[in-house]
*Asks:* 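Take a look at this one; I'll ask things after.
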Amino acid sequence: MTNIARFEEELKHFDWSIARHELGYKEGQPLNIGWYCTDRICQTGRAKKLAMIWENHAGEVRRFTFDDMRVLTNTFAAHLRGLGVQPGDRVCVFMDRVPELYIGFLAVLKLGAIVQPLFSAFGDESLLTRLESSGAKVVLTQHKHGLKVRKIRDQLPALETSVIIDAGDRKLADGEVGFDLDNAPKVNDFESYPTTPETPSVLHYTSGTTGQPKGALHVHNSVFSQYLTASWVLDLQESDVYWCTADPGWVTGTSYGIIGPWANGTTQAILDAGFSADRWYGFIAKHKITVWYSAPTAIRLLMKEGEEAPKRHELSSLRHLASVGEPLNAEAVIWSQKVLGLPFHDTFWQTETGSIVITNMPGLPIKPGSMGKPFPGIVATVVDPKTFEPFDHPGAVGLIALRPGWPSMFRQYWNKPEIYASKFVNGWYLSGDRASIDADGYYWFVGRDDDVINTGGHLVGPFEIESALLEHPAVAESAAIGMPDPVNMEVPKAFIALKQGYEPNDDLELEIMNFCRKHLSPLAMPQAIEFVTSLPKNRSGKIMRRVLHAKEWGEEVGDISTLEDE
Ligand code: 6R9
């Protein structure tokens, strides 16, 4: 049987009970991700196996076995319980990629509380909107990031405690407590809270076109999807050393940087340091990474460094590569095949889907530039944007639609039921992305269907940038769009109409940029500002970012009359 025929065969017989069976889960039992990622691995004879190999920017390495992870998550969970954390409470994890981030994340789940991971580079304003929304009771953080929390805590009535993991002898403010995990008395036995498959687990914030970022709420049931996709798509085997380059502030860093791999009992290598080609290749060589999950922007950066850089390192341990977050261009697949001897396998999914839904699974021949096919058990299609019915001919461009029902599907947007409901039409979940399906059933990504900016794989909502700009006294109106960028695909650009009495000039541009820097995360910072006398609007006065976008990319503006009715 050919590979592709085997793949199609697999699709026919697939049932999610495979994951339940492999994880030894029986209906009616408690299901706790924290327990499945640590205690269960120990109980299945892998207590002494390495769970985490951690390295920082200085090259310092620490190693943790699954038994270490079990005891440390118990210790952290017991401490948090002592601070009054109850099941269902939101606990935010706001740290660099230090071991305490990973341990704290699982500890919160062991308590039956909801973990809200946030990217440590967020400034106080990005932090405020997300903590305000979640109503987090506790934040787990480091001293340097705790200072940002300290600045805004007056505006967060629900926030009781900041737990500072590296307080040392520093003076703490009201509401702050120090917790030194390494030196805390260890808790060997801790009973994980008996969460059910539908108990909320992770609350990930994601940006949309309008309004502030929304919290996509997941449940413990997600582990079945994350476990099985990590096993089948990332092809994780018992002897692998796996590296996911994503930060747990984003969903890839939790679904495939924590839950999926550790539920498989996989050894993960974690690099808490910035990008450089030599550092990355050196990391692969040093820890003999076998499976590598990264993103197109990083691959493009590596491509820019040329073909000599990888030759300086011993990369023969690598055996499987995958990519996520943005369109993986055909050149990147061809380049990696040539230079690393392996193609990158594309994987498409979202914060909302919780796990990979469309992918080039091993065994499926890759068509470079295509995202591949739906994962077994995922019913996907492309629907006509007008009728929301699937197209009946290949090649038509429409909206990627998924039939709800796989285990890791998000269950709600936190406190935003109307927005959640608006994502479902005709029984389909609409992803907000456009694509076509070819005659062989392969999906080809076309673009997003909304105004969200995907910069280097990170979604940035234009509204967040525009809100920050509007706080500046000179700004009357603003619109943010993505402009072309050779590495990040797109980067934010702002169009600004000034209030009367202000003149556009370089000084003002610099002043607005500096103002933004205080309010926005580095990713959301506009890389260019263009002053305009007015912004294109529709009849109801909404700014038409699409018109600006089309001009910026040298594309046809299209039928503005339909836009005017939006
Ligand atoms: C996992 C993650 C989701 C959005 C998604 C789409 C884009 C993700 C992609 C891709 C083209 C791929 N996206 N994977 N675009 N090819 N393989 O990235 O989640 O941060 O929620 O972003 O990213 O636009 O809708 P999230």
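Each ligand, and each atom within it, is numbered from 1 in the order the structure gives.
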*Asks:* So, S120 versus D96: side-chain donor-acceptor pair below 3.5 Å or not?
*Replies:* yes
*Asks:* Using the ring centroid of each side chain, check whether F344 and W292 are separated by less than 6.0 Å.
*Replies:*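 Distance test on ring centres: under 6.0 Å, yes.
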*Asks:* Do S255 and Q226 meet the criterion of a side-chain donor-acceptor pair at a distance under 3.5 Å?
*Replies:*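 A pair is found: one side chain offers a donor N or O, the other an acceptor, under 3.5 Å apart.
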*Asks:* Any side-chain donor paired with an acceptor under 3.5 Å for T347 and Y293?
*Replies:*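 Their side chains do contain a donor-acceptor pair, which is all the 3.5 Å distance test asks for.
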*Asks:* Among side-chain atoms of S134 and Y205, is any donor-acceptor pair under 3.5 angstrom?
*Replies:*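 Y205 and S134 do not have a side-chain donor-acceptor pair below 3.5 Å.
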*Asks:* Below 4.0 Å from any atom of ligand 1, which residues have a heavy atom? Give them in chain and number order, please.
*Replies:*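 Residue list for ligand 1: V251, T252, V324, G325, E326, P327, D346, T347, F348, W349, Q350, T351, M371, D433, F445, R448, N454, L459.
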*Asks:* For residues 318-335, which side-chain N or O atoms pair as donor and acceptor with protein atoms under 3.5 Å away, sequence neighbours left out?
*Replies:*
unit_1, atom_1, unit_2, atom_2, d
R319, NE, D240, OD1, 3.1
R319, NH1, D235, OD2, 2.9
R319, NH2, D235, O, 2.6
R319, NH2, D240, OD1, 3.4
R319, NH2, D240, OD2, 2.6
H320, NE2, V233, O, 2.9
E326, OE1, T297, OG1, 3.0
E326, OE1, R300, NH2, 2.8
E326, OE2, T297, N, 3.0
E326, OE2, T297, OG1, 2.9
E326, OE2, G457, N, 3.4
N329, OD1, R300, NH1, 3.4
N329, ND2, E331, OE1, 3.1

